Amino acid sequence: MDLALLRTFVTVHRAGSFTRAAALLGLSQPAVTSQIRTLERQVGRPLFLRQARGVTPTTIGDELAHKAAPHLDALVEIAESGLEEDSSLRTLHLAGPPEFTAERALPALTELTGEDGQGFALRASFGTADEVLEGLAAGHHDLAISTVRPRGALLTATALCDEEHVLVAAPHRAEQIGAGSLRRTGPAALERVPVVEVHESLPFVAARYWASVFGSRPVCPGTVIVPDLRAVLACATAGAGLAVLPRYLVAGALERGEVVALHEPAVPPLRTYFLAVRTGTLAMPHIARAHEWLERAAADWC
């Protein structure tokens, strides 16, 4: 069986589209289609079902991808390491959400970038859960941190840690609301308090806090919308409004009194982070070492 055909097949399987696979491979879409048809003739069975948007693998297609992808990844790793002047230094490509990756994962992994004979170069990129998992499946990343557990056999995920969410505001905002108001009146005390969020849909305030803790939706729309939780914290500290933030990110500000917790529910809202890899790639020493290191570090993050 031609390895070039298998490479094209695995790329289509990961991309979910002939068009996206063609772009990743630097080929034309007709060339990709032709290669897949050739492979299907060799296998004697259809490998994909054509949909209105993209393709869906058949059972045989999933089985072939599960068997072939790890070996193809290993061959690519051998070829890439052979091109490096210092083959002992691998490059680890990590992707994840910007705040968690910057505050948690990168500081932990930089300890492995030294010149101890087992170190590696580190490259990081940020994105949404869908973006980092799609990039991982397409072979752009070696490890991905995601708040969504990937589906399918090509990606393997391990629960890394849980993130607790805290409802906070600057001290003068808390005084305006009144100490203990939430215990007596519930979320009604917060109806006129401005909200600082990362998106107009209020994913942290509405979907993760109000729905979980109060069983309702906040009345006040977002006053400040900024797509970075660190900026949300800065705005909340400056008094722009209330915010829901991960405890790891807001712990220092709480200790310094820059913000205060407005509510301490018996069961705080949680979000789970997953550490994902392409199935079979943990056989590569630098990926396995980084994976193990992050799992160990995460024991202190929970």
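Predicted model only: the values in this text are computed from it and were never measured.
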* Asked: Yes or no on side chain to side chain contact (heavy atoms under 4.5 Å, CB included) for Val55 and Leu49, after CA distance, side-chain angles and deciding distance?
  -> CA-CA 6 Å; Val55 293; Leu49 299 175; over 6 Å; no
* Atom pair NE2 (His263) and CG (Leu190), whose distance is rounded to the nearest 0.5 Å -> 9.0 Å
* To do: Answer yes or no: is there a donor N or O on one side and an acceptor on the other, between the side chain of Arg278 and the main chain of Leu136, under 3.5 Å?
  => yes
* Does the side chain of His71 come within less than 4.5 Å of Leu6's, by heavy atoms? -> no
* **Non-hydrogen side-chain atoms of Val213 and Pro269 separated by less than 4.5 Å** => yes
* To do: State, with a plain yes or no, whether a side-chain heavy atom of Val168 is found less than 4.5 Å away from one of Leu245.
  => yes
* Structure fact -> Glu255 meets the salt bridge (charged side-chain N to carboxylate O under 4.0 Å, His left out) criterion, sequence neighbours left out, with none
* With Val196, which of Leu202, Thr223, Val224 fulfils side-chain contact (heavy atoms from CB on, under 4.5 Å)? -> Val224
* **side chain to side chain contact (heavy atoms under 4.5 Å, CB included) between Leu112 and Leu122, worked out** => CA-CA 9 Å; Leu112 299 181; Leu122 181 60; over 6 Å; no
* Heavy-atom side-chain proximity of Thr113 to Leu92 below 4.5 angstrom -> no
* **Minimum heavy-atom distance Arg104-Tyr248, with the two atoms named** => NH2-CB, 2.9 Å
* To do: Under the side chain to side chain donor-acceptor pair (under 3.5 Å) rule, what do His165 and Glu163 come out as? Steps first, then yes or no, please.
  => CA-CA 7 Å; His165 292 147; Glu163 170 186 271; 2.8 Å; yes
* Asked: Looking only at side chains, do Ser34 and Arg37 share a donor and an acceptor under 3.5 Å apart?
  -> no
* Give a yes or no answer on whether the side chain of Arg217 reaches the backbone of Ala206 with a donor-acceptor pair at less than 3.5 Å. => no
* Of the non-hydrogen atoms in Pro171 and Gly257, which two are nearest, and what is the gap between them? -> CG-O, 3.3 Å
* **Smallest separation among heavy atoms of Ala261 and Leu254, with atom names** => N-CD2, 3.7 Å
* Would you say the side-chain atoms of Glu197 pair up with the backbone N or O of Val205, donor to acceptor, closer than 3.5 Å? -> yes
* Structure fact -> Residues passing the side-chain contact (heavy atoms from CB on, under 4.5 Å) test with Ser216, sequence neighbours excluded, are Pro187, Trp210, Phe214
* Begin with the C-alpha distance, continue with both residues' side-chain angles, and end with the deciding distance and a verdict on side chain to side chain contact (heavy atoms under 4.5 Å, CB included) for Phe204 and Leu229. => CA-CA 10 Å; Phe204 280 83; Leu229 290 175; 3.7 Å; yes
* Do Arg289 and Glu111 pass the salt bridge (charged side-chain N to carboxylate O under 4.0 Å, His left out) test, and can you show the C-alpha distance, the side-chain angles, and the key distance before you say yes or no? -> CA-CA 12 Å; Arg289 191 176 184 212; Glu111 298 181 42; over 6 Å; no
* In Å and rounded to the nearest 0.5 Å, what is the NE2 to CG distance from His141 to Leu133? -> 9.0 Å
* Structure fact -> Exactly one of Val32, Val43, Leu64 clears side-chain contact (heavy atoms from CB on, under 4.5 Å) with Phe9, and that residue is Leu64
* For the student: nearest non-hydrogen atoms of Ala298 and Leu160, plus distance -> CB-O, 3.4 Å
* To do: Please tell me if the side chains of Leu294 and Trp301 come closer than 4.5 Å, counting only heavy atoms from C-beta onward.
  => yes
* Pair Arg50-Glu40, salt bridge (charged side-chain N to carboxylate O under 4.0 Å, His left out): steps then yes or no -> CA-CA 13 Å; Arg50 279 63 171 177; Glu40 287 179 328; 3.4 Å; yes
* Structure fact -> When every non-hydrogen atom of Phe274 is compared with those of Ala157, the smallest separation belongs to CB-CB, 4.3 Å
* To do: Hey, could you give me the CG/CG distance between Leu282 and Asp142, rounded to the nearest 0.5 Å?
  => 10.5 Å
* Would you give the length of the straight line joining atom CD of Glu292 to atom OG1 of Thr158, rounded to the nearest 0.5 angstrom? => 12.0 Å
* Check: Gln35 side chain, Thr8 main-chain N or O, donor-acceptor pair, under 3.5 Å -> no
* **Which atom of Thr237 lies closest to which atom of Ala170, heavy atoms considered** => O-CB, 3.8 Å
* Are the side chains of Val277 and Leu143 in touch, meaning some heavy atoms are under 4.5 Å apart? -> yes
* Asked: Hey, are the side chains of Ile145 and Val132 touching, using non-hydrogen atoms and a 4.5 Å cut-off?
  -> no
* Asked: Is there any side chain to side chain donor-acceptor pair (under 3.5 Å) pair reaching into residues 14-25, and which pairs are they, with sequence neighbours excluded?
  -> Arg14-Asp73, Thr19-Gln29
* To do: Report the C-alpha distance between Asp62 and His13 in whole Å, list the side-chain angles of each, state the deciding distance to 0.1 Å, and finish with yes or no for side chain to side chain contact (heavy atoms under 4.5 Å, CB included).
  => CA-CA 8 Å; Asp62 265 334; His13 190 279; 2.7 Å; yes
* Asked: Tell me, do Ser125 and Glu131 make a side-chain contact under 4.5 Å, heavy atoms counted?
  -> no
